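Here's the structure we're looking at; comments come further down.
Computed from a prediction, not measured in an experiment: that's the story for all the values here. Remember, it's 1-based here, ligands and their atoms both numbered in the order they're listed.
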Amino acid sequence: MAYDNDNIFAKILRGEIPCNKVYEDEFALAFHDINPQAPTHVLVIPKGKYVSMADFTAEAPDALIVGFMRAVGLVAAMLELETPGYRVLANAGEDAHQEVPHLHIHIFGGKKLGPMLTHS
Ligand code: AMP
């Protein structure tokens, strides 16, 4: 899937629309989800034009992959979620209901999160 430069997270990265920032470094930007699904719901996105985890891990330079994954862990720690726990999730494609076609990792926490998938 070709990267869409007009997706909403591309606009956030370019500073064209605001976000409620949690963390930023040269590799990643983390911000609160606009429609939180848990008391803590933060998105972490890489600074680069990648649609999905498969796209990112195939195409991104090693330093960006390492830096991005470090940022995900750092943000979880910053949010003090290591204890009592948290969930990370990345949707890719139609079956996973990916809404924004720029790779993003959701970090959920702040309540008991229940089973991994709902059955419907
Ligand atoms: P996904 O379904 O995995 O693509 O998730 C996209 C997420 O982006 C949803 O949880 C949305 O609530 C969130 N979202 C969409 N627009 C914004 C925005 N402008 N700022 C923060 N989060 C957003």
Are any of the N or O atoms of [X] closer than 3.5 Å to those of ligand 1?
X: His104; answer: yes
X: His32; answer: no
X: Ile8; answer: no

Any donor-acceptor pair under 3.5 Å from [X] side chain to [Y] backbone:
X: Arg87; Y: Gly114; result: yes
X: Arg70; Y: Phe27; result: no
X: His104; Y: His102; result: yes

Please find out if less than 6.0 Å separates the ring center of Tyr23 from that of Phe31. no
Enumerated ligand 1 atoms positioned under 4.0 Å from heavy atoms of Val100: 4 (O), 6 (C)
Only heavy atoms of Asn91, strictly under 4.0 Å: list the atoms of ligand 1 that pass. 1 (P), 2 (O), 3 (O)
Starting from [atom], locate the nearest protein heavy atom and write down its residue, its atom name and how far away it is, to 0.1 Å.
atom: atom 2 (O) of ligand 1; result: His97 O, 3.0 Å
atom: atom 4 (O) of ligand 1; result: Glu99 N, 2.6 Å
atom: atom 8 (O) of ligand 1; result: Phe9 CZ, 3.4 Å

What closest approach, in Å, do Lys11 and Asp6 show between heavy atoms, and which atom pair accounts for it? CE-O, 3.3 Å
Provide the closest heavy-atom pair for Val44 versus Ala30 in the form atom of the first, atom of the second, distance. CG2-CB, 4.0 Å
If hydrogens are left out, which of Asn35, Asp33, Ile34, Leu43 has an atom nearest to atom 10 (O) of ligand 1, that is, the closest non-hydrogen atom? Asp33
Between the side chains of His41 and His106, is a donor N or O closer than 3.5 angstrom to an acceptor N or O? yes
